[in-house]
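Note that the numbering runs from 1 along the sequence shown for the chain. As the structure is a prediction and not an experimental result, all values here were calculated from the model.
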Amino acid sequence: MSERNDTDHATDITISAVVGHVEADPDLVAIRHYLHAHPERSFKEYDTGIYLADQLKSHGVEILDNPLETGVVGLVRGEQGPGPRVALRADIDGLPIVEDTGLPFASVNQGVMHGCGHDLHMTGLLGAAFWLAAHRDRFAGTVKILFQPSEETGQGARAMIDAGLIDDVDAIIGTHNNPNYAPGQVAVGVEPMMAGCVRFQVTLHADGTHAGYPHKGTGPIEAMASMVLELQTIVSRNINALHPLVLSVTEVHGGRVWNVVPAEAGFQGTVRYFHKEDSLLAERRFRAVVEHTAEAFGITADIEWDDFQAPVVSDAPLARAVAADVRDYASLEPIRPSMAGEDFCEFADVTRSVFAFIGSNGAAGCADWHSPRFVGLDASIPTFVDFYVNAALRVLDELRAS
């Protein structure tokens, strides 16, 4: 990693934190179409990384050493003097989805799709990096450009942190497209934006037997069915109705033969939450339901409960400052929290963070993230660029003044 040589924050430089709408590079639409057509799976974004690095280098952005196998790290040094270092982050991985959009630039990589709009994130960050590199005289300090791998697995942000790529960063700014907002709309503020995530898995152990002699065994199928139904009461009968929480059983398995009661069965799924006390309560009730039901049926249960991702919540002072500028280039909208998760939350453990939704569609009934019919619109690209640029300049200014 390049050594940072600008850690002293300047105090005698006056910089304009807000530039409003910026003229985005006219090639960005073509860049977005290329990225959309060539998605790659998590931690396998090799060609994507080469492409992104080439684009950055062609616009004078310095490429830093990256100990990870995928992802790209760039740096733009301001010419007004030393100052803070702010990171701009975009995720880069695609999903294992067969695209069904009919777009002329649909995925050419069979079975992989940018079904969460990460192609828009990459394009917007490239546009911001191009502008910042061309306007170094507008700011003090440095802007680190982070193209993060493997957001969809929930592991990419932590990998970048563990690799030391955030050690020199005073704050980090991220975005996610949101098809429930229209292009030109931005939602940023102090409220929770994306949910905390739990992954659970239950394995039931019983005595298998002949299907004609169920009394000679302790089959797990009926116990599993009872558990799945009973678990749905956790939300309806235990969680404050004003606190959003979702518990979804998404996969069940048990048995392979029509005339055999299996000795093992199980299920897995997820819990999404915005309040930590709710996730703790849900875990207690979950374990009680599974363990007591298993006991009632004369079987045993192994429970794996992985509360692996916290809600995404921005640093309040920085988020307020960034939000105050949005009306200079976009429509500031209220935050409508998403029950989807985002590993951007990992960065909040090590530095100050700001996160925003950027409108990417807005049509009634449009497909949402992770759908094979998800369509993010090119019209959202300028707003990504505007947000990244203005947020970077504003946060640099706020940090310099603090």
In chain order, what residues pass the side-chain hydrogen bond (donor to acceptor under 3.5 Å, both in side chains) check against Thr101, with sequence neighbours excluded?
Glu99
Side chain to side chain contact (heavy atoms under 4.5 Å, CB included) partners of Pro179, counting only residues at least two apart
Asn177, Ser360, Asn361, Cys366, Asp368, Trp369, Phe374
Rounded to the nearest 0.5 Å, what separation is found between the CG atom of Asp315 and the CZ atom of Arg352?
4.0 Å
Nearest-0.5 Å distance, CG of residue Leu281 to CZ of residue Phe286:
13.5 Å
Any Lys/Arg nitrogen of Asp168 or Lys144 sitting under 4.0 Å from an Asp/Glu carboxylate oxygen of the other?
yes
Could you go step by step and tell me if Arg32 and Asp378 meet the salt bridge (charged side-chain N to carboxylate O under 4.0 Å, His left out) rule?
CA-CA 8 Å; Arg32 185 269 166 127; Asp378 291 340; 2.7 Å; yes
Taking the side chain from Asn109 and the backbone from Pro39, do they hold a donor-acceptor pair closer than 3.5 Å?
yes
Nearest non-hydrogen partners of Ile166 and Ile172, listed with the distance
CD1-CD1, 4.5 Å
Pair Gln232-Leu247, side-chain contact (heavy atoms from CB on, under 4.5 Å): steps then yes or no
CA-CA 7 Å; Gln232 301 310 306; Leu247 187 155; 3.9 Å; yes
Are any side-chain N or O atoms of Ser338 and backbone N or O atoms of Ala340, one a donor and one an acceptor, separated by less than 3.5 Å?
yes
By side-chain hydrogen bond (donor to acceptor under 3.5 Å, both in side chains), Glu152 pairs with (sequence neighbours left out) His118, His370
Could you walk me through whether Leu229 and Met224 pass the side-chain contact (heavy atoms from CB on, under 4.5 Å) test, one step at a time?
CA-CA 9 Å; Leu229 291 174; Met224 180 171 65; over 6 Å; no
Any salt bridge (charged side-chain N to carboxylate O under 4.0 Å, His left out) involving residues 216-244? Give me the pairs, sequence neighbours left out, ordered by first then second residue.
none
What's the separation between atom CZ in Phe274 and atom OG in Ser279, rounded to the nearest 0.5 Å?
12.5 Å
Sequence neighbours excluded, which residues qualify as side chain to side chain contact (heavy atoms under 4.5 Å, CB included) partners of Asp47?
Glu40, Ile50
By side chain to side chain contact (heavy atoms under 4.5 Å, CB included) - contacts of Gln110 (at least two apart)
Val98
Leu318 and Ala171 have their tightest heavy-atom pair at CD1-CB, 4.0 Å
Would you mind reporting whether Leu95 and His114 have side-chain heavy atoms less than 4.5 Å apart?
no
Does a side-chain heavy-atom distance below 4.5 Å link Leu75 with Val143?
no
What one should report as the nearest heavy-atom pair of Gln309 and Tyr273 is O-OH, 3.6 Å
State whether the number of non-hydrogen atoms from other residues, nucleotides or ligands found under 6.0 Å of Glu69 atom CD is greater than 12.
no
Under 3.5 Å, is there a donor-acceptor pair between the side chain of Ser402 and the main chain of Leu399?
yes
Taking C-beta and beyond as the side chain, do Leu35 and Tyr51 meet within less than 4.5 Å on heavy atoms?
yes
Non-neighbouring partners of His21 that pass side-chain hydrogen bond (donor to acceptor under 3.5 Å, both in side chains), sequence neighbours left out
Asp386
Does the distance from a Lys or Arg side-chain N to an Asp or Glu carboxylate O, for Arg89 and Asp343, drop under 4.0 Å?
yes
Under 3.5 Å side-chain donor-acceptor pair for His275 and Asn240
no
At their closest point, which heavy atom of Tyr181 faces which heavy atom of Pro334, and how far apart are they?
OH-O, 2.8 Å
All side chain to side chain contact (heavy atoms under 4.5 Å, CB included) counterparts of Thr383, not counting sequence neighbours:
Val186, Ala330, Ile358
Backbone N or O of Arg373 within a donor-acceptor pair of the Ser371 side chain at under 3.5 Å?
yes
Mind listing the closest non-hydrogen atom pair of Thr48 and His38 along with its distance?
OG1-O, 3.9 Å
Does the side chain of Pro262 reach to within under 4.5 Å of the side chain of Pro220, using non-hydrogen atoms?
yes
Side-chain donor or acceptor of Ser353 paired with backbone N/O of Phe347 under 3.5 Å:
no
For a quick test of reading the model, state the closest non-hydrogen atom pair linking Phe297 to Thr218 and the distance between them.
O-CB, 4.1 Å
Test item: Val169 and Val86 side chains (from C-beta on) under 4.5 Å apart, heavy atoms:
no
Do Met339 and Leu245 make a side-chain contact, defined as non-hydrogen atoms from C-beta onward lying under 4.5 Å apart?
no
Pairs where residues 284-305 contributes a residue and the test salt bridge (charged side-chain N to carboxylate O under 4.0 Å, His left out) is met, not counting sequence neighbours
Glu283-Arg287
I'd like to check Asp25 versus His59 (side-chain heavy atoms, cut-off strictly below 4.5 Å). Are they in contact?
yes
Which class fits the ring pair Tyr213 and His215: parallel under 30°, tilted 30 to 60°, perpendicular over 60°?
tilted
Checking Thr153 against Ser150 for the side chain to side chain donor-acceptor pair (under 3.5 Å) test, could you report, in this order, the C-alpha distance in whole Å, the side-chain angles of both residues, the deciding distance, and whether it holds?
CA-CA 6 Å; Thr153 69; Ser150 197; 2.5 Å; yes
Scan residues 246-263 for pairs that pass salt bridge (charged side-chain N to carboxylate O under 4.0 Å, His left out), counting only residues two or more places apart or in two chains.
none
With sequence neighbours left out, write down each residue that passes side-chain hydrogen bond (donor to acceptor under 3.5 Å, both in side chains) with Thr70, or none if nothing qualifies.
Glu45
Side chain Gln80, main chain Asp137, donor-acceptor under 3.5 Å
yes
Strictly by salt bridge (charged side-chain N to carboxylate O under 4.0 Å, His left out), give each pair with a member in residues 183-211 just once, sequence neighbours left out.
Arg199-Asp306
Can you name the one residue among Phe384, Tyr388, Phe387 that meets ring-ring contact (aromatic ring centres under 6.0 Å, His included) with His121?
Phe384
Interatomic distance, CG@Leu332 vs CG@Asp325, rounded to 0.5 Å, equals 10.5 Å
Hey, are Arg85 and Asp170 close enough for a salt bridge, meaning a charged N less than 4.0 Å from a carboxylate O?
no
Rounding to 0.5 Å, atoms CG (Leu28) and CG (Leu120) come to a distance of 11.0 Å
Are Thr123 and Leu126 close enough that some pair of their side-chain heavy atoms sits under 4.5 Å apart?
no
At what distance, to the nearest 0.5 angstrom, does OH of Tyr34 lie from CE of Met122?
10.5 Å
Arg336 atom CZ, neighbour heavy-atom count above 12 within 6.0 Å:
yes
